[in-house]
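These notes are about the structure you will find just below.
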Protein chains: 2
Amino acid sequence: MLSDGSRQILSFLLPGDIVSAAPFFDVRPHCLVEAITDVRYRNIKRAEFRTALFTNRDLFERLLKTWTKETLRADQLIVDLGRRTADERIARLILNLAERLSERGMVQSATMEIDFPLRQHHIADATGLTPVHVSKVLTEFRRSGLINISDRALTIVDPVAFRRVAQMR
Amino acid sequence: MLSDGSRQILSFLLPGDIVSAAPFFDVRPHCLVEAITDVRYRNIKRAEFRTALFTNRDLFERLLKTWTKETLRADQLIVDLGRRTADERIARLILNLAERLSERGMVQSATMEIDFPLRQHHIADATGLTPVHVSKVLTEFRRSGLINISDRALTIVDPVAFRRVAQMR
DNA sequence: CGCAAGGTTGAAGCGCATCAATGTAAGTGG
DNA sequence: CCACTTACATTGATGCGCTTCAACCTTGCG
């Protein structure tokens with residue numbers, strides 16, 4: 001959150017994600033977490049986990065791998081916010097979510113449909129845009145037959161063209 | 001680098017910095033490194049370092065602390081690119097550099113002057129702006145007596161006002 | 001000298017923000 | 001059941017911040 005009331009969303013957490021690897025090593029929380037859907041979560045004791053990390057090499061490797069992915073995605077987001085257009089940012093956000101859901105088997109493979117509980121203002125806050133502009137872009141995406149959103153579900157109608165818009169091959 | 005030739009700078013490395021913590025745990029390099037100044041560097045053998053990390057708890061803690069800071073700065077950059085104006089981005093970039101240099105004792109404390117080898121196109125690529133606009137903003141900063149740049153050195157003339165522009169208290 | 005890289009400046013244009021009106025659907029209390 | 005509210009989405013008009021383009025200037029360098 002910024003002092004002027006605007007906010008920037010850093011990431012969307014999906015089932016199985018940890019909020020962030022950083023808090024294991026730094027006491028100060030540096031961001032807020034908010035639930036969009038119903039959520040099941042568990043707390044981890046920092047001290048215990050750190051000891052476990054040091055004793056259990058496999059755990060250690062897996063945490064660091066997760067953190068590496070986190071870092072990679074953050075860097076990608078920096079590039080997106082710094083150098084991409086509104087269309088690209090929104091399309092990439094959607095495709096990234098779809099990809100991560102796909103890894104979890106959460107895509108109807110027949111229809112390329114995913115749960116999509118995000119409101120447009122979430123998309124806006126994640127892409128550095130305004131809700132109004134997000135609405136216009138999404139409407140345009142729909143009009144050109146790229147995607148469809150209705151009833152908290154999103155379908156990628158034309159994956160090839162949509163990936164082209166997102167500059168993702 | 002993007003396909004259209006534009007690029008996004010993720011961070012500036014100062015003396016003593018590691019390029020990134022991520023490569024220790026992931027083989028694929030995910031970004032490029034370029035030197036602006038003359039540089040002294042050393043290579044670290046991934047495998048060796050990983051073993052050392054697991055045997056030497058202090059090293060382990062220190063790497064993770066470094067990585068935590070990296071993560072924090074990346075997240076801050078995301079906020080800056082997503083939600084801040086050109087003036088704010090540029091001022092924050094400069095103040096962040098000054099702060100990091102200060103930790104290294106690399107600020108002339110009398111004059112608040114730092115080495116500043118960056119070209120305007122570096123600032124542009126780090127802030128998601130164009131060199132032309134960077135020039136205009138810097139000229140305006142100078143004109144209002146906030147900073148001064150000449151001869152590869154930058155002086156923060158009015159720290160209080162400048163921090164206000166950067167929205168940093 | 002001639003050239004390349006960087007910086008400055010102004011004019012014009014575009015992408016997104018802002019503002020405002022309208023619509024819609026779900027929830028709430030009378 | 002209906003008035004009312006609240007949250008969200010859509011749409012159009014207008015404006016602004018930054019980009020783009022282009023000309024010109026400076027500096028360093030082979």
Side-chain angles (χ1 to χ4, degrees), chain A residues 2 4-9 34-38 79-94 115-144 146-154 165-167, chain B residues 2 4-9 34-38 79-94 115-144 146-154 165-167:
Chain A
L2 274 74
D4 68 350
S6 67
R7 72 170 172 180
Q8 177 64 43
I9 293 178
E34 176 185 306
I36 293 177
T37 62
D38 286 346
V79 177
D80 290 351
L81 293 178
R83 290 295 177 203
R84 293 190 189 277
T85 65
D87 290 17
E88 288 166 10
R89 291 186 214 175
I90 295 175
R92 294 173 75 85
L93 170 61
I94 292 171
D115 281 351
F116 200 76
L118 301 194
R119 301 288 165 170
Q120 294 187 354
H121 74 260
H122 293 120
I123 303 181
D125 288 342
T127 53
L129 301 167
T130 56
V132 175
H133 197 64
V134 170
S135 169
K136 287 170 181 170
V137 171
L138 287 181
T139 304
E140 184 55 26
F141 281 169
R142 253 180 311 227
R143 209 195 51 69
S144 8
L146 297 173
I147 61 172
N148 227 316
I149 305 181
S150 68
D151 207 23
R152 312 293 94 167
L154 183 152
V165 169
Q167 306 260 51
Chain B
L2 274 74
D4 68 349
S6 67
R7 73 169 171 179
Q8 177 64 43
I9 293 178
E34 176 184 307
I36 293 177
T37 62
D38 287 345
V79 177
D80 291 350
L81 294 178
R83 291 294 177 204
R84 294 190 189 277
T85 65
D87 290 16
E88 289 166 11
R89 291 186 214 176
I90 294 175
R92 294 173 74 86
L93 169 60
I94 292 171
D115 282 352
F116 200 76
L118 301 194
R119 301 287 164 173
Q120 294 186 352
H121 71 83
H122 293 120
I123 302 181
D125 287 343
T127 52
L129 302 166
T130 57
V132 175
H133 196 64
V134 170
S135 169
K136 287 170 182 171
V137 171
L138 287 181
T139 304
E140 184 55 26
F141 281 170
R142 251 179 313 228
R143 209 196 51 69
S144 12
L146 297 173
I147 61 172
N148 227 316
I149 305 182
S150 68
D151 207 23
R152 312 291 94 169
L154 183 152
V165 169
Q167 306 259 54

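First the proteins, then the strands, lettered A, B, ... as listed; each starts at 1. This structure is a prediction, so every number in the text was calculated from the model and none was measured.
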Under the 3.5 angstrom rule, does the side chain of [X] hit a backbone N or O of [Y] as a donor-acceptor pair?
X	Y	value
B:Asp4	B:Ser6	yes
B:Ser135	B:Pro131	no
A:Arg142	A:Asn148	no
B:Arg83	A:Gln8	no
A:Arg92	A:Ala166	yes
B:Arg84	B:Val79	no

Please state how far atom [atom1] in [X] lies from atom [atom2] in [N], giving the value in whole angstrom units.
X	N	atom1	atom2	value
A:Leu81	C:dC16	CG	P	13 Å
B:Ile36	C:dG6	CD1	C1'	14 Å
B:Ile123	C:dG6	CD1	P	13 Å
B:Leu138	C:dG6	CG	P	15 Å
B:Glu140	C:dT8	CD	C1'	14 Å
B:Ile149	C:dT8	CD1	C1'	13 Å
B:Phe116	C:dG6	CZ	P	15 Å
B:Asp125	C:dG6	CG	P	11 Å

Original post:
Taking DNA chain D as the partner, which of residues 83-92 of chain B come within under 4.0 angstrom of it by heavy atom?
Top reply: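 Within this stretch, B:Thr85, B:Ala86 sit under 4.0 Å of the strand.
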Below the 4.0 Å mark, does [N] have OP1 or OP2 next to a side-chain nitrogen or oxygen of [X]?
X	N	result
B:His121	C:dG6	yes
B:Gln120	C:dA5	no
B:Ser135	C:dT8	yes

Subject >> 5'-most by nearest nucleotide on DNA chain C - B:Arg119 or B:His133 >> reply: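 It is B:Arg119 whose nearest nucleotide is closer to the 5' end.
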**OP:** Go through the side-chain N and O atoms of A:Thr85 and A:Asp87 and say whether any donor and acceptor fall under 3.5 Å apart.
**Re:**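 The answer is no; no qualifying pair exists.
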Picking from [options], which would you name as closest to the side chain of [X]?
X	options	value
B:Thr139	D:dT10, C:dG6, C:dT8	C:dT8
B:Arg152	C:dG7, D:dG12, D:dC8	C:dG7
B:Thr130	D:dT19, D:dA9, C:dT8	D:dT19
B:Leu129	D:dT10, C:dT8, D:dT19	D:dT19
A:Lys136	C:dG7, C:dC16, D:dA13	D:dA13
B:Val132	D:dC21, C:dC16, D:dC8	D:dC21

Original post:
Are any non-hydrogen side-chain atoms of B:Ile123 and B:Leu138 less than 4.5 angstrom apart?
Top reply: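 With C-beta onward as the side chain, the pair touches.
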